[in-house]
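Here is the structure we will look at.
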Amino acid sequence: MSHVRVWTRIKASNSGSMKYLPVILIEVDGKLKALEPLLRYLNEHSESHTHSWMLKLCEIVGLLIDYIDANKDVHFKPVSLFREFARALYNGTISENNLDPSGLYWIPSRTATVNPKIAMLSNFSQWMVNNGYVSEALNPWVPATTTEQRFKYLAWCKKNDESFLKHLGPSRKASAAVEEARSIKLRRPIVPVVSTPKVFPASFEVALLRQGFVRHGKEDSLDPYEKYDWRGICVAMLLLYGGRRLSEPFHLWIGDVIENPNESDQAYVRIFHPVEGSAPVDRKINGRLLPNRQAYLKAFYPKYPPRNLGVGNYQAGFKSRCLIKNGNYLVVHWAPREIGKVFMQAWNMYMWQRIKFGVGGDKHPFAFVSHKGKSKGEPYTMKSFEASWERAIHKIGLQKIKSQGTSTHGPRHGYARKAKAGNVEPDALQIALGHSSIKSQEVYGKPGIQDVSEMMDVATKKIGRFDIEIITRLYETELKNQGVSIQSSQFDFNSIFMDAVEDRRDQYLRRNKRNA
């Protein structure tokens with residue numbers, strides 16, 4: 001490895017304000033030095049981009065550094081270097097003989113994974129040219145062909161169609177952009193068929209809450225405070241019956257859950273924007289209320305920044321921008337409504353459980369906390385809950401598989417699918433889900449694979465042109481005459497195929513071991 005990525009604090013002025021940014025360290029004259037252009041680029045974009053975006057950029061820059069280091073003896077021009085680098089990302093670096101003299105041993109990557117990172121690297125390279133770090137971009141702009149101009153204009157029209165200012169027509173900047181294209185073209189991605197996302201199986205919901213979150217070693221306990229992980233139950237209910245994204249419950253403060261003033265015993269849950277959300281009114285600075293939650297944390301809990309600005313396991317993203325204006329928060333809309341009472345009971349149980357475990361609210365205002373070990377009392381992490389979720393669904397006979405709807409995002413899909421099936425108005429569903437665009441929820445009305453199969457089956461039988469019995473028995477007579485039984489075939493083609501794959505894998509591993 002010719003580089004290493006670390007997180008560092010950046011101080012840009014004489015103020016006490018600091019930024020956490022990822023930085024790549026490279027060896028120069030036997031000493032580790034920060035890749036200064038990348039650090040400056042990230043600093044300039046830190047307010048408008050997420051930590052996830054920064055890490056992806058660091059990853060692609062790091063891969064480029066590795067590629068250059070592995071090809072020191074090859075003298076590339078910048079554009080040629082970038083073209084070969086992109087080809088290596090798409091196709092891998094291993095030959096047909098399972099050899100890779102460069103030592104990279106990259107396997108082919110998905111087009112949908114490579115294209116965004118190549119675009120990010122192209123923009124960073126152009127920024128380096130604009131700021132005098134290099135004289136030539138890796139992937140410069142060139143005059144676009146007529147076909148490319150048409151495609152870019154169509155893309156612009158589609159984007160502009162959703163704009164409030166579409167009546168103004170194309171700007172000069174947009175028109176000029178249509179006339180240019182990158183020198184190195186991205187591989188054209190597959191356009192997948194949009195089908196309904198997999199949802200968490202509704203028949204397992206009760207079992208998940210009753211059995212999944214029983215604490216280890218407390219199965220026989222008669223004390224409900226001791227027996228159940230009420231913290232996990234609360235988060236799971238927010239996902240299953242509140243339709244929340246996984247990250248959103250981790251921004252809750254203790255005071256964000258109250259009894260609904262309009263409905264007795266119902267939980268009224270508000271999830272505030274971690275930065276711009278309204279600060280509690282219990283404390284003031286110089287007689288003035290603090291403007292937002294970031295300021296509140298900075299004033300009273302300086303070690304705990306908003307979690308969307310945090311790093312490592314502490315970090316929790318916040319995607320929703322469809323917020324209530326006065327306070328910048330979203331409300332959890334329970335489906336069904338009665339779950340609000342159940343959640344209120346679970347929430348109260350959790351608050352008592354916190355007290356019983358000796359976890360107060362003096363360190364920070366976050367609601368969900370760790371209960372034991374060195375991290376006792378610290379904000380609960382998404383990684384810890386995901387591990388708890390996986391154990392919970394395993395207890396009820398499921399496995400965590402995204403394509404089966406049993407990941408932590410499956411409940412949100414189930415919430416939206418039920419709303420669609422119940423003919424909830426699109427505008428109402430947009431508010432309930434916190435989508436910025438109403439088009440984001442169109443996918444929940446799409447038929448799934450099983451739906452399409454059933455529709456095609458019904459349609460075919462309605463036409464009545466085929467004799468199903470004749471088709472199903474088409475080859476049965478001939479096979480019986482040859483003494484072959486379809487039901488008890490002597491060949492297991494799947495196992496034969498898998499054996500061949502295993503043999504090929506073993507050959508690959510042995511060859512790589514010899515080369516190493």
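Positions are given from 1, in the same order as the sequence printed here.
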Starting from the C-alpha separation in whole Å, work towards a yes-or-no answer on side chain to side chain contact (heavy atoms under 4.5 Å, CB included) for R9 and Y20. CA-CA 5 Å; R9 292 172 180 262; Y20 279 101; 2.4 Å; yes

Would you compute the distance between atom CE of M120 and atom CE of M54 and round it to the nearest 0.5 angstrom? 10.0 Å

Return the minimal non-hydrogen interatomic distance between S370 and V359, and the atom names on each side. O-CG2, 4.2 Å

More than 12 heavy atoms of other residues, nucleotides or ligands under 6.0 Å from NE2 of H49: yes or no? yes

Under 3.5 Å, side chain of S122 to main-chain N/O of I118, donor-acceptor pair present? yes

Could you check if a side-chain atom of N71 sits within less than 4.5 angstrom of a side-chain atom of F85, using non-hydrogen atoms only? no

What orientation do H51 and W7 show, parallel under 30°, tilted 30 to 60°, or perpendicular over 60°? perpendicular

R412 side chain to G243 backbone, donor-acceptor under 3.5 Å: yes

Under 30°, 30 to 60°, or over 60°: which ring-plane class applies to H251 and F318, parallel, tilted or perpendicular? perpendicular

In Å and rounded to the nearest 0.5 Å, what is the OH to CD distance from Y314 to E378? 9.0 Å

For the atom pair NZ (K298) and NZ (K303), what is the distance rounded to the nearest 0.5 Å? 13.5 Å

Side-chain heavy-atom pair E136, V79 within 4.5 angstrom cut-off: yes

NZ/K33: more than 12 non-hydrogen atoms of other groups inside 6.0 Å: no

State, with a plain yes or no, whether a side-chain heavy atom of V199 is found less than 4.5 Å away from one of K418. no

Is the closest basic N to carboxylate O distance between E84 and R87 below 4.0 Å? yes

M18 CE to T8 OG1 distance, which is reported to the nearest 0.5 Å: 7.5 Å

Would the number of heavy atoms belonging to other residues, nucleotides or ligands and lying under 6.0 Å from NZ of K11 be above 12? yes

Nearest heavy-atom approach of S407 to P411 is O-CD, 3.3 Å

Measure centre to centre between the rings of F204 and F200, then say whether the value is under 6.0 Å. no

Aromatic plane relationship, H364 with Y304 - under 30° parallel, 30 to 60° tilted, over 60° perpendicular: tilted

Might you work through the side chain to side chain contact (heavy atoms under 4.5 Å, CB included) test for F385 and L246, ending with a clear yes or no? CA-CA 9 Å; F385 175 75; L246 172 62; 3.7 Å; yes

For the pair D229 and R231, find out whether any cationic side-chain nitrogen is under 4.0 Å from an anionic carboxylate oxygen. yes

Given L297, N308, N328, the one that forms side-chain contact (heavy atoms from CB on, under 4.5 Å) with P274: N308

Could you tell me whether the side chains of E36 and Y133 share a donor-acceptor contact shorter than 3.5 Å? yes

Please round to the nearest 0.5 Å and tell me the distance separating atom CD1 of I233 and atom CG of L238. 12.0 Å

The test is side chain to side chain donor-acceptor pair (under 3.5 Å); show your working for Y90 and N115 and say whether it passes. CA-CA 9 Å; Y90 286 126; N115 281 2; 2.4 Å; yes

Mind checking whether Y296 and W253 have parallel, tilted or perpendicular rings, split at 30° and 60°? tilted

Evaluate D100 against W106 for side chain to side chain contact (heavy atoms under 4.5 Å, CB included), listing each step before the verdict. CA-CA 9 Å; D100 183 5; W106 292 350; 6.0 Å; no

Backbone N/O of L99 and side chain of N97: donor-acceptor pair under 3.5 Å: no

Test the R307-F250 pair against the cation-pi criterion, namely NZ or CZ under 6.0 angstrom from the six-membered ring centroid and within 45° of the ring axis. no

Examine distances only and state if a side-chain atom of H435 and a backbone atom of S437 form a donor-acceptor pair shorter than 3.5 Å. no

Quick check on the 6.0 Å ring-centre criterion: do W127 and H45 meet it? no

Would you name the heavy atoms of E248 and I271 that are closest together and state the gap between them? O-CG2, 3.7 Å

Where do I393 and E390 come nearest, in terms of heavy atoms and distance? CG1-O, 3.4 Å

Note: E386-K400 ion pair, threshold 4.0 Å (strictly below): yes

So OG of S440 and CD of Q430: to nearest 0.5 Å the spacing works out to 8.0 Å

Pair Y241-L209, side chain to side chain contact (heavy atoms under 4.5 Å, CB included): steps then yes or no: CA-CA 12 Å; Y241 305 112; L209 298 176; 3.9 Å; yes

Using modelled atom types only, decide if a donor and an acceptor are shared between the side chain of S320 and the backbone of G434 within a distance under 3.5 Å. yes

By the definition side-chain contact (heavy atoms from CB on, under 4.5 Å), identify the one residue from I94, T93, L63, D69 that meets it with L104. T93

Compare all side-chain heavy atoms of C58 with those of L42 and state whether any distance is below 4.5 angstrom. yes

Using a 4.5 Å cut-off on heavy atoms from C-beta on, say whether the side chain of V235 contacts that of W389. no

Quickly, which of D256, L330, V257, V331 forms a side-chain contact (heavy atoms from CB on, under 4.5 Å) with V269? Name it, please. V257

Is the shortest side-chain heavy-atom distance between S388 and Y380 below 4.5 Å? yes

Tightest non-hydrogen contact, residues G317 and S247, listed as O-OG, 2.8 Å

Determine whether F213 and L208 make a side-chain contact, defined as any pair of heavy atoms from C-beta on separated by less than 4.5 Å. yes

Atom NZ of K402 with >12 non-hydrogen neighbours under 6.0 angstrom: no

Would you check if K19 and E47 make a side-chain contact, meaning some heavy-atom pair closer than 4.5 Å? yes

Is there a donor-acceptor pair under 3.5 Å between the side chain of R5 and the backbone N or O of V23? no

So which atom in A419 and which in L429 form the shortest heavy-atom distance, rounded to 0.1 Å? CB-CD1, 3.6 Å

